[in-house]
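Reckoned from all heavy atoms, side chains included, excluding hydrogens, waters and symmetry mates. For ligands, and for the atoms within them, numbers begin at 1 and follow the listed sequence.
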Amino acid sequence: MRILLLSDIHSNLEALEACLGAAPACDVVVNLGDIVGYGASPNEVIERSRELGKIFVRGNHDKACSGSSNMLGFNPIAGMAVLWTRTMLRPQNLAWLRDLPAGPAHVDSLQEVQFVHGSPVDEDEYLLLMADAVHSFQATQPPVTFFGHTHIQGGFLAGQDDAATIRPVLHKGAPETETFVFSLDRKCRYLINPGSVGQPRDGDWRAAFAVFDSDAWKVTYYRVPYDVQQAAQRIVKAQLPGRLATRLIEGR
Ligand code: ZN
């Protein structure tokens, strides 16, 4: 089975369409949350995501924008984007967003793989450091967890007595689509982040996603150029905070 993994689209329609254009045919689409927040196309991105996906987990921005959580922990710029998004969402999209499930989610035929937004322990936890990852490895059973939330493509692996960080080897900001194939070892356990479609923060402005092949037991990480200028201009036009436009161009 081939699974298309999309995470942290954040209302960036230009980035989402570029990813879909570059992705191979897949059997199922899994959306790891933060569909909205920051970008200028919340309704369009929700509607496109609904067409594509069967499996979703909610992100902290999905909860805040739909009013099912408060904005505790949001910085002022993120908070302004939440308020803007709330006023823009069509009622049916707001209702759909509010009903998104918390992770972990599963694909029926693939119980050794789970999908979360933040971590297997806490949907709002950031897995940024090895220490965070070790806690998650200790607290969860499935050998493979896909997560988002940090907007950093890569992840962590745990072997018998060691652990390591996974970082795709790519040419940051190169003008073309790049892929990095990572074969998983059946003897190891993994926490894997496909990266953020709509607001990468790892210094590469290109949209990120991944494909998991459960037969070959391998992950292919993708980076895809998209019309970042247009996405940024529409953020400015929508009178969202200007920093949300410039950070797209920087990939930070
Ligand atoms: Zn996010």
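Each protein N, O or S atom less than 2.8 Å from the Zn ion (ligand 1) was counted, giving 4.
Contact of the Phe146 side chain with the Val30 side chain is not registered, since no non-hydrogen atoms from C-beta on lie closer than 4.5 Å. The side-chain heavy atoms of Val134 and Met130, taken from C-beta on, include a pair separated by under 4.5 Å. The side-chain heavy atoms of Leu244 and Ile77, taken from C-beta on, include a pair separated by under 4.5 Å.
Hydrophobic side-chain contacts under 4.5 Å tie Leu72 to no other Ile, Leu, Val, Met, Phe, Trp or Tyr residue.
Looking at residues two or more places apart in sequence or on another chain, you find no salt bridge (charged side-chain N to carboxylate O under 4.0 Å, His left out) involving Arg189.
Screening residues 73-93 for side-chain hydrogen bond (donor to acceptor under 3.5 Å, both in side chains), with sequence neighbours left out, gives Asn43-Asn93, Glu47-Arg90, Glu47-Asn93.
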